[in-house]
Amino acid sequence: MNASISTDERGHGGPRRPHPEGAGRRVVITGLGVVTSIGIGVEAFTAGLREGRSGVKPIAAFDTTGFAHANGCEVTDFAPERWITRQDPEELGRASQFSAAAARMAVEDAGLTLADVRSRRSLVSVGTTDGESRDLDQLVAASVDGGPGAYDPAVARRVPAVARRVPAGRLSAGIVRELELEDVEAVTIPTACAAGNYAVGYGYDALRSGDVDIALCGGADAACRKTFTGFYRLGTIAPEVCRPFDKDREGILTGEGAGILLMESLDSALARGARIYAEVLGYGLACDALHPVAPDRDSIARTIRLAHRNAGVTPDQVDFVSAHGTGTEANDITEAGAIRQVFGEGSMPRTVSIKSMIGHSMGAASAVAAAACALAITEGFIPPTINHRETDPECGVDCVPNRAVEAELNVVQNNALAFGGNNAVLILGAYRDAERTEPVGSAA
């Protein structure tokens, strides 16, 4: 995989203020593309979030014989040929199909033509956990079943085609090919379950500095046997549903999908009269490397503080937190503790997890959650944490149980935590007034 960011701790600058063109531009989200188990495209996804729809169903992507339980959140109504028209969808693995389709959706949602995008300097950054591990699963199965001769093209005609799809770089390259971009940087970021936020942060930096004019950023992953089995062996797969922050939570459900955000400078968006979902105020990253899988409360809290400092906001300005919220014992207690450490006892904002609806889509998770945050700001509601019965006192959060609530939102925080301590927190703000000269959260 192509790693674009490697850092132990990162927070850029302070309050967000307007700067001259090309130096510290303000960055906004004007297009969204989403592929999820509760809806494909902005309209269906928004409806799913408002309704508290569940994407849970028995896994069909691979043979689950031998597992005591095997529910997941697969995308079952995805037709790649609907979105992928300039290359053969069969040349792409499923995760690359998701990312290319979501990018096409984001461009259309932003009101841009392909010619508009091609005429500008652009960046494509896609985060992932598994790349095309679903295809690797197929190749391994072929080897186990067929022995050394399984890879002989004369014996297995599809093997070479599948093998060509495997490189993770194709998640971003597939977007470039589909949109026929030329003046473009394409990167795939492999920081596991925080990769979507990393990718958005990478695009934010490129736009702010004036290096590019348009950024298509997010994450994509497809359900695969390798990841399900790994979490199953860790004892973290829930038997039926995911219940983040619930006292009876039993673990995650693996999911799949993609979220791609089309971002551009505020000046560009205003000049073309674009609809603005939200402003990207800033982000924070930290890699503590303290444990292969266990989250660290202090590191998460440090990442949140970095994000607040970078965005120029204070804890009291955050209206709700879109938590990593996996539904595991360790994650939920540790994440809630980190939020409490930053916001203070009795001052914690509502803290929700959309993984209760769409499962854990790995590298796509925080990108899809970022899209959900942008929609929440625009549409004026906080998505619910479904499947909830009783909040764990050790978590002690208001997780907006089971039903969305209407709310006017100004600042939203999107948490993403990954194995190895790769944490990323993204801060989005409302953009309501085209005449305003200061972004949300700026200190005068």
Side-chain angles (χ1 to χ4, degrees), residues 16-34 40-47 49 83 101-125 175 178-184 200 203-218 259-282 311-312 367 370-381 408-412 426-442:
R16 297 278 144 248
R17 292 187 173 86
H19 289 274
E21 180 70 17
R25 299 172 177 177
R26 291 169 64 181
V27 176
V28 293
I29 301 166
T30 56
L32 298 173
V34 283
I40 296 174
V42 168
E43 185 176 344
F45 181 56
T46 304
L49 291 172
W83 302 100
R104 175 73 74 129
M105 293 177 203
V107 170
E108 292 186 8
D109 187 53
L112 291 166
T113 66
L114 295 184
D116 291 332
V117 179
R118 291 185 199 118
S119 68
R120 306 186 192 190
R121 295 170 300 164
S122 57
L123 165 72
V124 174
S125 62
I175 294 175
E178 182 59 31
L179 303 183
E180 297 180 341
L181 304 178
E182 295 180 358
D183 188 1
V184 60
V200 173
Y204 168 79
D205 284 343
L207 284 162
R208 237 183 110 62
S209 65
D211 289 343
V212 299
D213 302 313
I214 285 180
L216 286 157
C217 306
I260 298 292
L261 283 56
L262 188 144
M263 303 187 297
E264 59 188 297
S265 72
L266 175 62
D267 289 344
S268 169
L270 293 178
R272 67 184 189 86
R275 174 205 46 221
I276 296 173
Y277 283 106
E279 181 170 2
V280 182
L281 299 179
C373 290
L375 289 166
I377 289 170
T378 303
E379 300 296 325
F381 75 100
E408 181 175 318
L409 305 170
N410 290 307
V411 179
V412 174
L426 180 70
I427 307 294
L428 301 183
Y431 184 83
R432 304 190 191 283
D433 183 357
E435 300 301 317
R436 190 175 62 222
T437 57
E438 291 286 339
V440 174
S442 293

Quick one, V212 with L207, criterion side-chain contact (heavy atoms from CB on, under 4.5 Å). Give me CA distance, side-chain angles, the key distance, then yes/no.
CA-CA 5 Å; V212 299; L207 284 162; 3.9 Å; yes
How close do R120 and S268 get, counting heavy atoms only, and between which atoms?
NH1-OG, 3.2 Å
What residues, two or more places apart in sequence or in another chain, satisfy side chain to side chain donor-acceptor pair (under 3.5 Å) together with T46?
none
Suppose we screen for side chain to side chain contact (heavy atoms under 4.5 Å, CB included). Which residues come up paired with T113, at least two apart in sequence or across chains?
A115, D116
Is it true that D267 and R26 have a side-chain N and a carboxylate O under 4.0 angstrom from each other?
no
Could you tell me the separation between the CD atom of E408 and the CZ atom of F381, rounded to the nearest 0.5 Å?
15.0 Å
For the residue pair A367 and G259, what are the closest heavy atoms and their distance?
CB-O, 3.4 Å
With the threshold set at 4.0 Å, does a side-chain nitrogen-carboxylate oxygen contact exist between D213 and R121?
yes
Nearest 0.5 angstrom please: I214 CD1 to L112 CG, how far?
5.0 Å
Which atom pair, heavy atoms only, marks the closest approach of E108 to W83?
OE1-CZ3, 3.8 Å
How long is the span from the CD atom in E182 to the CG atom in L179, to the nearest 0.5 Å?
12.0 Å
Against L261, only a single residue in L32, T30, L216 fulfils side-chain contact (heavy atoms from CB on, under 4.5 Å); can you say which?
L32
Partners meeting salt bridge (charged side-chain N to carboxylate O under 4.0 Å, His left out) with E180 (sequence neighbours left out):
R86, R118
Are the side chain of Y204 and the backbone of L281 linked by a donor-acceptor contact shorter than 3.5 Å?
yes
When you look at V280 and I29, which way does the side-chain contact (heavy atoms from CB on, under 4.5 Å) test go after all the steps?
CA-CA 7 Å; V280 182; I29 301 166; 3.9 Å; yes
Value for CG (L428) from CG (L409), rounded to nearest 0.5 Å, stands at 11.0 Å
Walk me through it: do I40 and V34 pass the test side-chain contact (heavy atoms from CB on, under 4.5 Å)?
CA-CA 6 Å; I40 296 174; V34 283; over 6 Å; no
Can you see which heavy atom on G282 is nearest to which on A311, and at what distance?
N-CB, 3.9 Å
Is there a donor-acceptor contact under 3.5 Å linking the side chains of D109 and Y277?
yes
Compare every heavy atom of G203 with every heavy atom of S125, then report the nearest pair and how far apart it is.
OG-N, 4.3 Å
Do we see a donor-acceptor contact under 3.5 Å between the side chains of T378 and R275?
no
Has the side chain of R25 got a donor or acceptor atom that lies under 3.5 Å from a matching backbone atom of S265?
no
Testing the basics here: between I175 and A103, what is the closest heavy-atom pair and its distance to 0.1 Å?
CG2-CB, 3.6 Å
Within the side chain of S122, is there an N or O that forms a donor-acceptor pair under 3.5 Å with the backbone of A215?
no
How many angstroms lie between atom CG of L114 and atom CG of L181, to the nearest 0.5 angstrom?
8.5 Å
Verdict with reasoning, I276 to L270, per side-chain contact (heavy atoms from CB on, under 4.5 Å):
CA-CA 9 Å; I276 296 173; L270 293 178; 4.2 Å; yes
